[in-house]
Amino acid sequence: MTAPLIEMQDIEKHFGAVIALGGVSFDVLPGECHCLLGDNGAGKSTFIKTMSGVHKPSKGTILFEGKEMRFDSPRDSMNAGIATVYQDLAMIPLMSVARNFWMGNEPIKKFGPISIMDFKKANEVTMSEMKKMGINLREPGQAVGTLSGGERQTVAIARAVYFGAKLLILDEPTSALGVRQTANVLANIDKVRAQGIAVVFITHNVRHAMAVGDRFTVLNRGKTLGTAKRGEITPEELQDMMAGGQELATLEGSLGGTV
Amino acid sequence: MADERIKQVSKLRRAMIRPELGAIAGAILVFVFFLMIAGDSGMFGPKGIQNWTVVSAQFAIIAVGASLLMIAGEFDLSVGSMIGFAGIVIAILSVQWGWPVWAAIIVAFVICVALGALNGFLVIKTGLPSFIVTLAFLYILRGMTIWLSITTTQKTIIGGVKSAAEGDWLAPLFGGTILKGLFQWFADIGMIDTFTRGSRMGQPVVEGVPMLVVWALGLIIFGQWLLTKTRFGNWIFAAGGDAQAARYVGVPVNRVKMLMFMFTAFTATVFATAQVMEFGSAAADRGLLKEFEAIICVVIGGALLTGGYGSVVGAALGALIFGVVQQGLFFSGAESSLFRVFLGTILILAVILNTYIRRLITGER
């Protein structure tokens, strides 16, 4: 068995008197897609924010490639090779695709003491990386606002991969998307995983998780309810664990199993 | 993906559809209008051109700062008060305290840029809207200016800067003119009228390009270059477009905003210094309403009030429209109160057009 890329041990996070995370352990292997499931308020977002350096855990250790890490800022975790794509904050719609793609990592051309942004390189790389992900841009100067939600998530994923992410955290990338766009994003997750990058896929949609996940961890009220491998668990069991069991069973009956 | 739904866009349309389009259209409109109603009034003679160029350049100087700050997602309402403050500081130091003018100018710049940094610091640390923080400084600085002026001189106007600046090395950088030889030559070949009487007989009516105009052009070029060509420019867009998203990818948003507040203060001080050198005096009420005039220029120029989108060249064109309208109504002999009516109308029209263009570009719905 390969060593996990990242290991989160007994992570606790307290906000004042509120215990958002009460001891969560979780690990991701290289080249696997580990799905983190849970209902709203389960602590998914808080948990990934400790992984991406936004929050510092109140207790617990983070091991990345076997070394203990302390992330003081998103920059730290990014430098270590952890990239996070947030659902709403993936892209800036008013800016062009190329400007978004390179945001924070702009390529530079130097003329003596003066340095300017290398737009030729930025544009070429953006176009070719987008093509690899199946998005044909009209031009790199096209504003992100003209792209669909799925395309925006894809640009963000392509950006993370291009800048050498070893671990890609996707925060509900499919929750606001239509069927076709969801399929595209899931296909891209599969592509990324095939390159050996570890993926943490946060969702509350069991079917999306089942489509690409290798392992599944369910969070509920700040605690893990356990981790299961693909094939060891049915979608119905996952659904039940997320909802905390009983209430949904009756509701599901009346809805004809559509939840 | 949905290729078949992406329409090919013609080159012409792509060249046309840009943030400055509204301001370009407005500028053409304004020039045509005044050529028609004031074409024979001397407005487009050498002296007339100098007149509205200088006024436009004044607006442009503060509009460059305001536009970069607005694109970075913040406002500065203290620009006008800062202009009055900087002027009084220069006058008190040089005339009252007898400092050399260059030292007074440098100290004014240092104090004002530090005040800009304080504005930025408060906005970043408190998380309050910059509208409120800088509104407070609009009052604080104006009050300080009047108080400083009255306690040191018992007056609100301090004169005598011109004689103090005699022979100073830094003052001509703000108050002088350049290319005098060229303009003399223009006069010699008859392109520019010369004075026919008085002590300046034989000299051209326009003696050269005022430093104010040089500053304006320099700042416009620098601002446009910074915004569109550099890494820092990308950060300005990102900070104003979505500060949180920008932070998550490692853009130093706070530093960007802070520097833009300082740059805005710098442009206000350039304006103030040039004005003091031109008039030879400072007055505590200088710069009144300039903050709004700067914001109007920026908005006419196509910038989005909420940040993340805009153009420095657009803001400069906004300043040109502002200057031409203000001086044009004077040349055409119209009632000067109509200036504001005209300006308000242009503002509305430009913003409607800009909103439409922006939607085309950014896909906003």
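Labels below follow one simple rule: chain letters A, B, ... track the order of the sequence lines, proteins then strands, and each chain is numbered from 1. Owing to the predicted nature of the structure, the values given are computational and were not obtained by experimental measurement.
Residues A/E106 and B/W235 form a side-chain contact, since some pair of their non-hydrogen atoms from C-beta on lies under 4.5 Å apart. In this structure, B/F237 and A/N100 have side chains that are not in contact, with every pair of non-hydrogen atoms separated by 4.5 Å or more. Using a 4.5 Å heavy-atom cutoff, the side chains of B/V249 and A/R159 are in contact.
Interatomic distance, OG1 of B/T228 versus CZ of A/F119, reported as 7.0 Å (0.5 Å rounding). Expressed to the nearest 0.5 Å, how far CZ of B/R231 lies from CD1 of A/I116 amounts to 12.5 Å. Remark: A/S77 OG to B/Y248 OH distance equals 11.0 Å, nearest 0.5 Å. The OG1 atom of B/T230 sits 13.5 Å away from the NZ atom of A/K109 when rounded to the nearest 0.5 Å.
The number of heavy atoms from other shown groups lying within 6.0 Å of NZ (A/K121) does not exceed 12. In A/F15, the CZ atom is crowded: over 12 heavy atoms of neighbouring residues, nucleotides or ligands sit closer than 6.0 Å.
Checking side-chain atoms of B/N234 against main-chain N and O of A/R99 turns up a donor-acceptor pair under 3.5 Å.
Among all heavy-atom pairs drawn from B/G307 and A/L94, the shortest one is O-CD1, 3.6 Å. Taking both residues in full, the closest heavy atoms of B/A245 and A/M103 are given as O-CE, 4.3 Å, listed atom of the first, atom of the second, then distance.
For chain B, the option among A/A83, A/P107, A/A143 with the highest count of heavy-atom pairs below 4.5 Å is A/A143. Top candidate by heavy-atom pairs under 4.5 Å with chain A, chosen from B/G250, B/G308, B/G241, is B/G250. Residue with the most contacts toward chain B among A/V54, A/D118, A/I114: A/V54 (heavy-atom pairs, distance under 4.5 Å).
Of the two parts of A/R75, only the side chain, counted from C-beta on, holds a non-hydrogen atom closer than 4.5 Å to a non-hydrogen atom of chain B.
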